[in-house]
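Heads up: the structure comes next, in structure tokens.
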Amino acid sequence: MQNLRVRFAPSPTGALHIGGVRTALYNYLLAKKMGGTFILRIEDTDQARYVPGAEDYIIEALRWFGIMPEEGPGIGGDYGPYRQSERKSMYGKYAQQLLDAGRAYYAFDSAEELQAQRSAFEARKEVFKYDNNTRSSMNNSLTLSADEVKSRIERGDDYTVRLKIPKDETLRINDLVRGEVNFQSNELDDKIILKSDGMPTYHLANIVDDHYMKISHVIRGEEWLPSTAHHVYLYRFLEWEDTMPEFAHLPLILKPTGKGKLGKRDGNKFGIPVFPLSWKGETEEDSFTGFREFGFDPKAVLNFLAFLGWNPGTEQEVFTLDELIKAFSVEKIGKSGARFDFDKAKWFNQQYIIASSNEDLAEVVRPLVKEKGYEVSDEFLVAFCGLMKERVNFYTDFVETGYYFFEPIREYDAKMVRKKWKTEKRPVFETMREDLLNLDDYSGLAVETCIKSFMEKHELGFGAVLPILRLGVSGTMKGPSVFDMMSLLGKEEVNARLAKAYDAFDGAQAT
RNA sequence: GCUCUGUUCGUAUAACGGUUAGUACGCCUGACUUUCUAUCAGGAAAUAGGGGUUCGAUUCCCCUACAGAGUACCA
């Protein structure tokens, strides 16, 4: 085989969906594994659906994941331009070639006429298809005289170019994921390949570009499987069939619950991200929180995505990108739709956080801390990450569930306070506070020793003392080791918190 | 409707035609622990249904059911 070249070819119609990211990932993995080239091509042939910023979003997302293409718009490469709108002049030529070869024809039917046909068929409970059956009754260069066609074109009438699908043929397609897939040509419609605005449709542009960009493998979503037959015909009629790429159609990603494939709105509906990065659309419904902003690590998301429709056949689940590249193979891609399981995504993220060093975590958490307006030393932050990393799922949890490391306690767990605090015991706890204040060494171990001797002196058990300390210092029963927490907060801070807490506890007890 | 694709615990999936049908997430129980986690040890939980082929089908074939996708001058 010659050089392996794959492309990710999204349409800039909005934020890049997580399913698109998975497609990009699989393309990337295959390219890297085989020493091939990963290419980004922007399919912007539909001006009406073009959304400004979408292209930047796509590139930013790929960069965040660390799966950057080697060729693409703004990146360079020998097969550019990489935006279809900039390749417009190429496509007309091939439409003409197809026309000349009798493999395509002009169609003059207006949108209204087509609509009328559809309605008429619908009334008979049939579905209109522009195909070898119906094209003889439509206005096209097959039914009109040559002169008529010529004059219509010269007159400037709108026309499209349609692919003339042959009659009575069986088309056999080999798909790397699904094996042999057969199509009857009579079931295929005469797809428009050149629109009346002169732009090609996806089908033509895709084939021409893949050919010129020397794409060897087309890895894309299953929604393209039905139109692959048209694509094969295009290759055949353009006489490029001998260099036609291999096809691999990926299973769909399904909604977390219920029916259907994962959609844009599912994110807001289930309160989970379905886009890599946050996106601000025109409206509330068109705005989404991304995995990044949700507090995910890009490596964890990639790992999760890799397993949505693929598995290595071993029992290993946590993979670095390099390991994924080594393990990846098209043969291991699954056939059936994979449901998006947020719990699993969460678990992957947690695995990555736990495996990260405290220093690396601090690096990621620092901007979040700054954003909240907190000012802390690097040393503090690193220690803080060490204390918290085993009890968070997302990066955002650090500053949210661990907020009390940076600002005063917002609220005490009232139920626990009522259960554990006795106002009569306050004098005893005041002596504990003093004992703590007299400590010179405020390491976790020293604090622990101090508390233990305090308990011994007053014949108190862990259950009577530790909850009070924990509540006083963090307000909640959830969190890291009390002693370590106190050590990190420091003597003065702990003392102040305890004094304040005792008052609050008394208040809570009184009500 | 038609075409294409698919169907193993709730979810993701593993299993040369021969296994007590494995693993992970989630769930339940226990251990550890001052709490929450994490960790460890257990547990419940699946081959859609029906026909074949075969000594033997999760695995191969057919039918049914269900699900998904496509059926645009969108990609």
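The separation between His230(A) atom NE2 and rC74(B) atom P is 15 Å, rounded to whole Å. In this structure, Gln47(A) places its CD atom 14 Å from C1' of rA75(B), rounding to the nearest Å. Rounded to an integer number of Å, the gap from CG of Leu252(A) to C1' of rG70(B) is 11 Å. As a whole-Å value, the separation of Leu471(A) CG from rU35(B) P is 14 Å. Tyr202(A) has its OH atom 13 Å from the P atom of rG70(B), to the nearest Å. Counting to the nearest Å, the C1' atom of rC36(B) and the CZ atom of Phe398(A) are 15 Å from each other. A straight line from CD of Glu222(A) to C1' of rG6(B) spans 7 Å, rounded to a whole angstrom. Rounded to an integer number of Å, the gap from NZ of Lys420(A) to C1' of rU34(B) is 9 Å.
Closest-nucleotide positions on RNA chain B for Thr45(A) and Thr476(A) were compared, and the one nearer the 5' end corresponds to Thr476(A). The residue among Pro480(A) and Lys261(A) whose nearest nucleotide of RNA chain B is located toward the 5' end is Pro480(A).
For the pair Arg410(A) and Tyr403(A), the cation-pi criterion (under 6.0 Å, within 45° of the ring axis) is fulfilled. Relative to the ring axis of Phe128(A), Arg118(A) does not place its NZ or CZ within 45° and under 6.0 Å from the centre. A cation-pi arrangement, defined by a distance under 6.0 Å to the six-membered ring centre and an angle within 45 degrees of its axis, is present between Arg162(A) and Tyr130(A).
Classification of Arg49(A) and Asp46(A) as a salt-bridged pair holds, one side-chain N sitting under 4.0 Å from a carboxylate O. A salt bridge links Glu43(A) with Arg41(A): at least one charged nitrogen is closer than 4.0 Å to a carboxylate oxygen.
The same atom, C1', is picked in rU39(B) and in rU58(B); the two are 35 Å apart, to the nearest Å. Between rC66(B) and rU29(B), the two C1' atoms lie 36 Å apart (nearest whole Å). On the P atoms, rC63(B) is 41 Å away from rG26(B), given to the nearest whole Å. Going from the C1' atom of rU23(B) to that of rA15(B) covers 11 Å, rounded to whole Å. Using P as the reference atom, rA48(B) and rU11(B) are 12 Å apart when rounded to the nearest Å. Only the C1' atoms considered, rU13(B) is 22 Å distant from rG18(B), to the nearest whole Å. Rounded to the nearest Å, the gap between the P atom of rU7(B) and that of rC16(B) is 16 Å. The separation of rA41(B) from rG17(B), taken at their C1' atoms, amounts to 36 Å, rounded to a whole angstrom.
At rC74(B), one or more side-chain N or O atoms of Lys195(A) fall inside 4.0 Å of OP1 or OP2 (strictly under the cut-off). Close to rU23(B), at under 4.0 Å from its OP1 or OP2, lies no side-chain N or O of Thr314(A).
Applying the Watson-Crick and G-U wobble criteria (two distances, each under 3.5 Å), rU8(B) pairs with nothing in any strand. When Watson-Crick and G-U wobble pairs are counted only if both distances are under 3.5 Å, rA15(B) pairs with no nucleotide at all. Pairing partner, rG70(B): rC2(B), with both Watson-Crick or wobble hydrogen-bond distances short of 3.5 Å. rU58(B) makes up no base pair with any nucleotide shown, lacking Watson-Crick or G-U wobble contacts both under 3.5 Å. The nucleotide rA21(B) finds no pairing partner, because no Watson-Crick or G-U wobble arrangement with both distances shorter than 3.5 Å includes it. Here rA46(B) sits opposite no nucleotide as a Watson-Crick or G-U wobble pair (both hydrogen-bonding atom distances under 3.5 Å). Base pairing of rU53(B): no nucleotide in any strand meets the Watson-Crick or G-U wobble criterion (both distances under 3.5 Å). In this structure rC32(B) sits in no base pair that meets the Watson-Crick or G-U test at under 3.5 Å.
In this structure, Trp224(A) has its ring center under 6.0 Å from that of Tyr202(A). Under the 6.0 Å cut-off for aromatic ring centres, Phe270(A) and Phe342(A) do not qualify, their centroids lying 6.0 Å or more apart. Between Phe296(A) and Phe394(A), a ring centre-to-centre spacing shorter than 6.0 Å is recorded.
As judged by a 4.0 angstrom heavy-atom cut-off over every strand, Phe307(A) is placed among residues touching the sugar-phosphate backbone only. Gly309(A) comes within 4.0 angstrom of sugar-phosphate atoms only, judged by non-hydrogen atoms across all strands, and of no base. Using a 4.0 Å heavy-atom criterion, one finds that Arg118(A) contacts the sugar-phosphate atoms exclusively. Heavy atoms of Val127(A) sit under 4.0 angstrom from at least one base atom. Contact annotation for Lys335(A): backbone-only contact, meaning every heavy-atom pair under 4.0 Å involves sugar-phosphate atoms and none involves a base. Contacts of Asn206(A) with the nucleic acid, taken as non-hydrogen atoms under 4.0 Å apart, are absent. Contact annotation for Gly479(A): base contact, defined as any heavy-atom pair under 4.0 Å involving a base atom.
Across rU11(B), rC73(B), rC36(B), the shortest atom-to-atom separation from the side chain of Lys478(A) is found for rC36(B). Relative to the side chain of Lys129(A), the nucleotides rU71(B), rC74(B), rG6(B) differ in distance, and rU71(B) lies closest. The side chain of Glu187(A) sits closest to rC2(B) out of rC2(B), rU34(B), rA75(B). Residue Asp343(A) places its side chain closer to rG26(B) than to any other of rC73(B), rG26(B), rA75(B). Minimum atom distance to the side chain of Lys344(A) is reached by rA24(B), of the listed rA75(B), rG22(B), rA24(B). Distances were taken from every side-chain heavy atom of Lys332(A) (C-beta onward) to each of rU5(B), rA75(B), rA15(B); the shortest belongs to rA15(B). Here rA75(B) is the nucleotide among rA75(B), rG6(B), rA12(B) with the atom lying nearest to any side-chain atom of Thr201(A). Nearest nucleotide to the side chain of Ser196(A), out of rU23(B), rA75(B), rC73(B): rC73(B). You'll find that the side chain of Phe183(A) is closest to rC4(B), out of rC25(B), rG22(B), rC4(B).
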Review item, nucleotides 38-43 of chain B N/O atoms under 3.5 Å of protein N/O:
from, atom 1, to, atom 2, distance (Å)
rA38(B), OP1, Gln350(A), NE2, 3.2

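Relative orientation of the Tyr212(A) and Tyr94(A) rings is tilted, given thresholds of 30° and 60° on the angle between their planes.
Atom CG of Leu445(A) has 12 or fewer neighbouring heavy atoms from other residues, nucleotides or ligands inside a 6.0 Å radius.
Of the candidates Leu469(A), Ile468(A), Leu498(A), Ile468(A) is the only one forming a side chain to side chain contact (heavy atoms under 4.5 Å, CB included) with Phe429(A). When each of Phe275(A), Trp279(A), Phe288(A) is paired with Tyr57(A), the ring pair (Phe, Tyr, Trp, His ring centres under 6.0 Å) condition holds for Trp279(A) and for no other.
With hydrogens and angles ignored, no donor-acceptor pair under 3.5 angstrom links the side chain of Thr160(A) to the base of rC73(B). Taking only distance into account, the side chain of Arg470(A) meets the base of rU35(B) through a donor-acceptor pair shorter than 3.5 Å.
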